[in-house]
Amino acid sequence: MVKALVVGGGIAGIATGLALSRGGIEVDLVERDEAIRAIGSGITLIAPAMRALQRLEVLDECIENGYGTKEMQICDVNGTVLDVMALPSALGSDLPGMMGMMRPMLHQILLDHAASEGLTVRTGLGPTAIETNSEHATVTFSDGSIADYDLVVGADGIRSTVRDIVSAPQTPVFQEQICYRAVVPRPASVTCEVAFVGCETAHIGFSPTGKDSMYIYCCVPTSELYRPPAEELPEIVRGYLAPFGGVVAELRDGITDPAQVNCAPLETILAPEPWYHGRVVLLGDAAHSTTPHLAAGAAMCLEDAVVLAEEFGTAATVPDALRAYSKRRFERCKYVVETSTQLSFWQTHPDVPGADQEGLRGEAFGILAGAY
């Protein structure tokens with residue numbers, strides 16, 4: 001039996017642990033924080049994410065705890081609908097092309113399934129050294145213990161310890177944009193994903209996450225990589241929403257609690273191929289962290305988990321599986337990072353001739369709903 005170590009207790013790591021366990025691989029998962037918990041507020045899942053969740057056998061539960069839609073409204077700053085974009089489904093016309101849900105809920109659904117199927121989880125622990133060759137990997141942990149594995153999966157995020165140990169360290173690229181997400185009640189009038197255009201200082205939208213909930217996302221330009229103090233976040237978000245009327249204006253004054261607001265500077269990374277070194281492989285944000293402009297970050301992480309498990313199910317050897325996984329994933333994830341970065345650049349440089357955010361976004365949704 002193959003014995004694997006998954007490093008990272010985020011969505012990518014837990015999904016990978018679940019997928020590999022179901023393929024008959026013995027999996028240990030370690031998380032450097034003292035507890036496994038989701039960071040952030042809402043999350044938006046496009047068609048390929050739902051296809052991956054279906055293959056992980058958790059889609060129905062996610063749909064029950066989220067909010068699906070088949071279209072996106074494009075509105076002006078006052079909420080007047082200018083256009084409606086159909087959102088392609090990767091799974092069939094009876095299922096949504098996009099779904100919002102609360103990030104902690106998705107995290108917990110995956111974790112509950114993984115734990116019930118035998119995944120061993122240890123917290124407050126991470127690797128400090130990895131020696132790897134074509135036969136095995138020897139991992140030294142932060143508590144001084146040492147163990148051998150047939151496979152080590154680095155799913156430990158954009159500032160991956162695993163990536164820095166086994167390859168040349170990479171610095172994330174700051175895209176000079178920051179995204180605020182404010183959790184608010186969902187008005188009955190908001191029945192689908194909404195994007196607002198016409199304001200150069202703030203690019204905002206609505207993502208419904210449940211029967212009574214949604215979040216407002218707000219991407220704004222900034223030359224400084226920083227996170228404002230939590231107590232300042234509601235006022236900052238209200239200020240950026242000030243130019244907008246309609247439903248945005250109705251919701252704006254209700255953003256008062258710092259716990260409502262999540263703030264994330266937008267950074268990207270694309271690890272060079274191949275994404276494996278001996279018996280160590282990278283996936284999720286450790287390999288390809290993107291901006292949220294296509295809502296494809298979680299989708300690519302979940303696809304990584306599914307593809308890695310698929311390749312282990314058919315390959316004759318571990319190196320064969322890692323080679324096939326890297327080949328299948330690199331160009332697709334590179335496309336997501338580069339396309340999302342282009343959309344971010346257009347938002348921070350509104351005078352660029354020929355910029356077509358909605359056209360590029362619609363094209364990308366169609367591509368990503370296709371085969372991988």
Exercise for review: Please assess Asp304 against His288 for the test side-chain contact (heavy atoms from CB on, under 4.5 Å), listing each intermediate value before the final yes or no.
Suggested key: CA-CA 10 Å; Asp304 284 352; His288 50 80; 2.5 Å; yes

**Study point:** Value rounded to 0.5 Å, distance of CZ in Phe312 from CG in Asp320
**Key:** 10.0 Å

**Study point:** Pairwise distance CD(Glu193) to CE(Met98) - rounded to 0.5 angstrom
**Key:** 5.0 Å

For [X] and [Y], indicate whether the former's side chain and the latter's backbone hold a donor-acceptor pair under 3.5 Å.
X      : Y      : answer
Tyr149 : Val2   : no
Thr291 : Ser344 : no
Arg332 : Leu368 : yes
Arg103 : Ile43  : no

Closest approach of [X] and [Y], non-hydrogen atoms and distance?
X      : Y      : value
Cys301 : Gly284 : SG-CA, 3.6 Å
Gln347 : Cys219 : OE1-CB, 3.9 Å
Trp275 : Cys333 : CH2-CB, 3.7 Å
Gly66  : Met101 : CA-CB, 3.8 Å
Ala369 : Ala47  : CB-CB, 4.2 Å
Pro88  : Phe365 : CG-O, 3.6 Å

Check your understanding: Are Phe196 and Phe206 near enough that their ring centres are under 6.0 Å apart?
Key -> yes

Exercise for review: For the pair Arg32 and Thr161, evaluate side-chain hydrogen bond (donor to acceptor under 3.5 Å, both in side chains) and give the outcome as yes or no after the intermediate values.
Suggested key: CA-CA 10 Å; Arg32 61 191 167 200; Thr161 298; 3.3 Å; yes

Review point. Can you check salt bridge (Lys or Arg N to Asp or Glu O under 4.0 Å) on Glu311 and Arg323, steps first, answer last?
Key: CA-CA 9 Å; Glu311 294 303 336; Arg323 190 177 303 112; over 6 Å; no

Exercise for review: Begin from the C-alpha positions of His293 and Gln177 and carry the test side-chain hydrogen bond (donor to acceptor under 3.5 Å, both in side chains) through to its verdict.
Suggested key: CA-CA 11 Å; His293 294 84; Gln177 200 173 28; 3.1 Å; yes

Practice item. Kindly indicate, with the supporting measurements, whether the criterion side-chain contact (heavy atoms from CB on, under 4.5 Å) is fulfilled by Arg181 and Ser41. Key: CA-CA 7 Å; Arg181 293 177 178 86; Ser41 49; 3.5 Å; yes

Review point. Out of Leu294, Thr290, Ile367, which one pairs with Thr339 under the side chain to side chain contact (heavy atoms under 4.5 Å, CB included) rule?
Key: Leu294

**Study point:** The single option from Leu151, Val153, Leu322, Val166 passing side chain to side chain contact (heavy atoms under 4.5 Å, CB included) against Val280
**Key:** Val166

Practice item. Can you sort out the partners of Ser145 under side chain to side chain contact (heavy atoms under 4.5 Å, CB included), two or more places apart, ordered by chain and number? Key: Phe141, Asp143

Review point. Glu267 and Gln175: side-chain donor and acceptor closer than 3.5 Å?
Key: no

Practice item. Examine Leu45 and Leu87 and state if one hydrophobic cluster contains both, with Ile, Leu, Val, Met, Phe, Trp and Tyr joined whenever side-chain heavy atoms are less than 4.5 Å apart. Key: no

